[in-house]
There are 2 protein chains.
Amino acid sequence: MADRPDLAAMISPLGRALIEAELPVLREHGLSMWAYSVLLALGARPLRTQAALAESIRADKTRIIGVLDDLQRRGLIERTPDPGDRRARLLSLTEEGRRVRDSAQAGIQRNEERLLGRFPADDRRAFLRVLRALADLPPEEIAGP
Amino acid sequence: MADRPDLAAMISPLGRALIEAELPVLREHGLSMWAYSVLLALGARPLRTQAALAESIRADKTRIIGVLDDLQRRGLIERTPDPGDRRARLLSLTEEGRRVRDSAQAGIQRNEERLLGRFPADDRRAFLRVLRALADLPPEEIAGP
DNA sequence: TATTGTTATACTCTATAACTATA
DNA sequence: TATAGTTATAGAGTATAACAATA
């Protein structure tokens with residue numbers, strides 16, 4: 001027997017539980033998980049094509065179309081044909097979209113801070129430092145040789 | 001904007017990537033992810049019913065039947081009717097099952113140790129300490145009030 | 001009647017392929 | 001012809017409901 005559980009066996013269910021914890025907050029804002037992912041991705045920087053957006057959130061491009069339709073209808077994003085190439089749609093957050101994203105994220109991180117609050121500050125900082133570094137690794141690096 | 005990404009946004013994709021990293025190792029041992037989960041759960045302690053096993057790995061009970069069929073056929077687990085209640089099936093690992101589980105887990109953790117090896121020992125210990133504590137929390141505690 | 005395990009069915013999510021419009 | 005976006009179809013994975021055996 002190993003002296004610790006597999007990382008994946010700890011991290012993967014924890015991720016599912018954290019997503020479960022997000023759902024009530026997102027529901028209050030009328031957002032699905034995909035919709036929230038889109039708002040986060042567009043907030044980081046506006047994107048020039050839906051395909052690029054889909055790739056950045058690791059989704060299939062056909063999967064986000066309904067999500068974009070809904071966000072646009074509700075005035076949270078703008079989707080305008082690129083004048084330079086009318087096949088592409090320029091994507092960006094509206095002010096309202098930014099507001100909804102920030103409000104949802106504040107609610108989510110409030111709960112996450114409650115969870116982290118049970119650990120000593122040093123452990124918390126080290127945990128976040130390692131987690132951020134691991135999360136930034138490209139999947140090929142995680143997969144290994 | 002928040003000063004860090006949401007925990008879920010970091011942890012959940014990381015979990016998926018770690019599972020991807022496990023797949024080649026599991027494939028070498030002829031194991032699916034569910035089969036490996038079963039071997040791990042039965043290794044911790046033998047279980048008296050399939051329903052209890054399913055619950056312990058957060059699976060539907062109908063979902064693991066084919067997995068158990070296969071593991072039993074290959075001699076990795078034993079599934080014997082409980083003499084005291086012939087409806088139930090006593091589940092346990094065989095010696096071969098234990099061997100396969102240990103070999104697969106060794107391969108998986110070898111790669112995980114490679115990933116952790118890039119961090120200072122202190123950070124690594126703190127990371128695992130916090131991660132284990134979070135993974136041990138019941139989902140209700142993670143969900144919050 | 002209730003419970004364990006099983007099988008059959010339906011549903012959800014996701015990806016693949018076909019289509020439209022621009023280039 | 002190639003590409004961005006969209007729609008329609010098919011596939012995988014999962015859960016729900018019905019069933020058989022035992023209590």
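Only this structure's heavy atoms are used, side chains among them; waters, hydrogens and symmetry mates stay out. Throughout, a chain's letter reflects where its sequence line sits, starting with A, and its residues are numbered from 1.
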Original post:
A:Pro5 and A:Met10: which non-hydrogen atoms are nearest, and at how many Å?
Top reply: O-CE, 3.7 Å
Original post:
Any link between B:Ile65 and B:Leu42 through a network of hydrophobic side chains (Ile, Leu, Val, Met, Phe, Trp, Tyr) touching at under 4.5 Å?
Top reply: no
**OP:** Return the residues of residues 12-28 of chain B meeting this criterion: a heavy atom under 4.0 Å from some atom of DNA chain C. Order them by number, or give none.
**Re:** none
Subject >> Atom pair CG/CG of B:Asp6 and A:Leu18 - distance to nearest 0.5 Å >> reply: 9.5 Å
Original post:
A:Arg87 has an atom CZ; how far is it from atom C1' of D:dT1, in whole Å?
Top reply: 11 Å
Subject >> Euclidean distance, atom CD of residue B:Gln50 to atom P of C:dT7 [Å, nearest integer] >> reply: 10 Å
Original post:
A:Arg89 has an atom CZ; how far is it from atom C1' of D:dT3, in whole Å?
Top reply: 13 Å
Original post:
For B:Leu7, does its backbone N or O pair with a side-chain atom of A:Glu112 as donor and acceptor, under 3.5 Å?
Top reply: yes
**OP:** To the nearest 0.5 angstrom, please state how far the CG atom of A:Leu47 sits from the CD1 atom of A:Ile57.
**Re:** 9.5 Å
**OP:** For DNA chain D, find the residues of residues 52-65 of chain A with a heavy-atom distance under 4.0 Å and give them by number; none if there aren't any.
**Re:** A:Thr62, A:Ile65
**OP:** Take the protein atom CG of B:Asp82 and the nucleotide atom P of C:dG5, then report the distance between them rounded to whole Å.
**Re:** 10 Å
Subject >> For atom CH2 of B:Trp34 and atom C1' of D:dA15, their distance in whole Å >> reply: 12 Å
Subject >> Reference residue A:Ser103; test side-chain hydrogen bond (donor to acceptor under 3.5 Å, both in side chains); the match among A:Glu28, A:His29, A:Arg98 >> reply: A:His29
Original post:
How close or far is atom C1' of C:dG5 from atom CG of B:Leu90, stated in whole angstroms?
Top reply: 13 Å
Original post:
Does a salt bridge link A:Asp69 with A:Arg79, judged by any charged N lying under 4.0 Å from a carboxylate O?
Top reply: yes
Subject >> Whole angstrom value for the distance that separates P of D:dT3 from CG of A:Asp85 >> reply: 12 Å
Original post:
Are A:Met33 and B:Ile11 co-members of a hydrophobic cluster defined by side-chain heavy atoms under 4.5 Å apart?
Top reply: no
